[in-house]
Participant: 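Here it is, the structure in full.
When a ligand or atom number is given, it counts from 1 through the structure's own listing order.
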Amino acid sequence: MTDPIITFDNVTYTYPGTETPALDSISFSVLPGEYVAVLGLNGAGTTTLGLCVNGVVPTMLGGDLEGTVTVAGLDVGEYAVREMAKIVGMVFDNPEFQMSQLSAAEEIAVGLENAGVPYEDMIRIIPETLALVGLAGFEERSPLGLSGGQQQRLAIAAVLAMSPQILIMDEPTSNLDPIGKQEVFDMAARLNKEKGMTVIVIEHEVEVMARYADRVIVLNEGKVVLNGTPHDIFSRVDELAALHLRVPESAALSTLLARQGLWKGETPTRTESAVDAVNTLLEARRG
Ligand SMILES: Nc1ncnc2c1ncn2[C@@H]1O[C@H](COP(=O)(O)OP(=O)(O)OP(=O)(O)O)[C@@H](O)[C@H]1O
Ligand SMILES: [Mg+2]
């Protein structure tokens with residue numbers, strides 16, 4: 001059996017100066033190459049969970065961490081964030097705030113420089129990484145002149161340049177238009193499928209999770225309350241409603257139809273499976 005690349009073993013974390021733990025007795029693991037979506041209401045602890053994986057919690061933020069977070073065989077609490085950055089890349093919701101340089105190439109070079117990567121390697125890595133995120137030839141472009149989707153892909157390129165094994169995206173498209181969203185999610189799916197990269201996406205958009213993720217983890221008040229395949233999780237319509245979480249439209253629609261006796265069988269959690277199911281229903285009627 002493959003060893004997990006991320007393991008949370010009974011992790012409880014409390015920020016400095018607070019009483020209530022942001023993460024409460026969390027245990028789960030992620031296999032290499034998995035695409036995991038993390039879902040929760042505001043304040044559920046999803047960002048904190050990501051920060052535990054890249055070591056910002058507890059190494060930079062302090063606070064009280066109980067239990068262990070193991071990433072690629074390392075106990076995260078014992079390594080500097082700079083060391084963890086070679087294993088875990090994390091991007092946030094506002095790509096513009098992550099841009100600080102005059103050109104796309106420099107944006108990527110900063111992290112490489114900090115990591116002590118020699119210049120000869122940098123001039124190879126920069127164009128390779130830009131190509132990987134669909135920005136080939138963008139070296140001299142000003143980051144602030146790029147579209148939101150392009151900026152977010154550049155932010156992702158900057159972390160990919162360190163060849164991390166794990167990419168964490170924290171609400172990566174919440175400030176992007178629909179095209180930008182699509183660009184970022186398609187790219188992450190490609191990195192996952194073609195490069196075998198482990199991807200963790202913190203997301204509120206359940207349709208996106210149902211479409212791309214291998215697994216969904218639901219947090220509520222710092223606890224893991226659900227952990228399963230997207231189909232398993234999103235067909236639990238009532239449980240999610242009790243947690244004030246949305247389900248994909250296809251699941252919501254079939255549940256309403258089922259209550260009126262118009263739908264039988266599986267709850268579709270992806271639009272495609274809803275279309276198939278509706279077709280079957282119509283064909284049966286035509287009989
Ligand atoms: N730096 C901090 N200091 C103190 N408490 C914090 C800090 N950051 C977050 N918290 C608290 O920890 C809890 C979890 O926060 P976290 O940011 O992980 O939630 P989240 O699930 O990412 O929410 P959102 O969906 O709004 O981004 C919240 O109660 C929050 O107020
Ligand atoms: Mg957050």
Participant: Considering only protein heavy atoms, determine whether one is less than 4.0 Å from atom 9 (C) of ligand 1.
Facilitator: yes
Participant: Please check if Val56 and Val91 belong to a single hydrophobic cluster, counting links between Ile, Leu, Val, Met, Phe, Trp and Tyr side chain heavy atoms closer than 4.5 Å.
Facilitator: no
Participant: Just checking, is any N or O donor in the side chain of Asp75 or Thr68 under 3.5 Å from an acceptor N or O on the other one?
Facilitator: no
Participant: Given Ile87, which of Asn54, Val53, Val76, Val71 fulfils the side chain to side chain contact (heavy atoms under 4.5 Å, CB included) condition?
Facilitator: Val71
Participant: Mind checking whether Val38 and Phe28 have side chains closer than 4.5 Å, heavy atoms only?
Facilitator: no
Participant: Checking a contact table here: which protein heavy atom is nearest atom 17 (O) of ligand 1, and how many Å away?
Facilitator: Thr47 CB, 3.8 Å
Participant: Please check this pair: side chain of Thr173 against backbone of Leu176, looking for a donor-acceptor N/O pair closer than 3.5 Å.
Facilitator: no
Participant: Any chance you could lay out the salt bridge (Lys or Arg N to Asp or Glu O under 4.0 Å) test for Arg246 and Glu207, step after step, and finish with the verdict?
Facilitator: CA-CA 10 Å; Arg246 269 193 62 223; Glu207 270 79 16; 3.1 Å; yes
Participant: Only heavy atoms of Thr48, strictly under 4.0 Å: list the atoms of ligand 1 that pass.
Facilitator: 14 (C), 15 (O), 16 (P), 18 (O)
Participant: What do you think, any protein heavy atom under 4.0 angstrom from atom 31 (O) of ligand 1?
Facilitator: no
Participant: Students should be able to answer this: which protein heavy-atom is nearest to atom 4 (C) of ligand 1, and at what distance?
Facilitator: Tyr15 CB, 3.3 Å
Participant: For atom 27 (O) of ligand 1, what's the nearest protein heavy atom and its distance?
Facilitator: Glu171 OE2, 3.5 Å
Participant: Could you establish whether Gly40 and ligand 1 come within less than 4.0 Å of each other, counting only heavy atoms on the residue side?
Facilitator: no
Participant: May I ask you to decide if Phe92's main-chain N or O and Gln152's side chain share a donor-acceptor pair within less than 3.5 Å?
Facilitator: yes
Participant: Starting from atom 20 (P) of ligand 1, locate the nearest protein heavy atom and write down its residue, its atom name and how far away it is, to 0.1 Å.
Facilitator: Thr46 OG1, 3.4 Å
Participant: Is there a polar contact, in the sense of an N or O pair closer than 3.5 Å, between Pro16 and ligand 1?
Facilitator: no
Participant: Got a donor-acceptor contact below 3.5 angstrom from the Arg190 side chain to the Leu132 backbone?
Facilitator: yes
Participant: Report, as yes or no, whether the 6.0 Å neighbourhood of atom CD on Glu171 holds more than 12 heavy atoms from other residues, nucleotides or ligands.
Facilitator: yes
Participant: Counting only heavy atoms, which portion of Asn42 has something under 4.0 Å from ligand 1: side chain, backbone, both, or neither?
Facilitator: both
Participant: Please say which of Leu245, Asp24, Leu243 ends up in a side chain to side chain contact (heavy atoms under 4.5 Å, CB included) with Asn220.
Facilitator: Leu243
Participant: Distance check below 2.8 Å: does Asn42 bring an N, O or S atom to the Mg ion (ligand 2)?
Facilitator: no
Participant: Is the shortest N/O to N/O distance between Ala22 and ligand 1 below 3.5 Å?
Facilitator: no
Participant: Please list, in number order, the atoms of ligand 1 under 4.0 Å from a heavy atom of Thr18.
Facilitator: 4 (C), 5 (N)
Participant: Who's the nearest protein heavy-atom neighbour of atom 29 (O) of ligand 1, and how far?
Facilitator: Gly43 O, 4.1 Å
Participant: Please identify which atoms of ligand 1 are closer than 4.0 Å to at least one heavy atom of His204.
Facilitator: 25 (O)
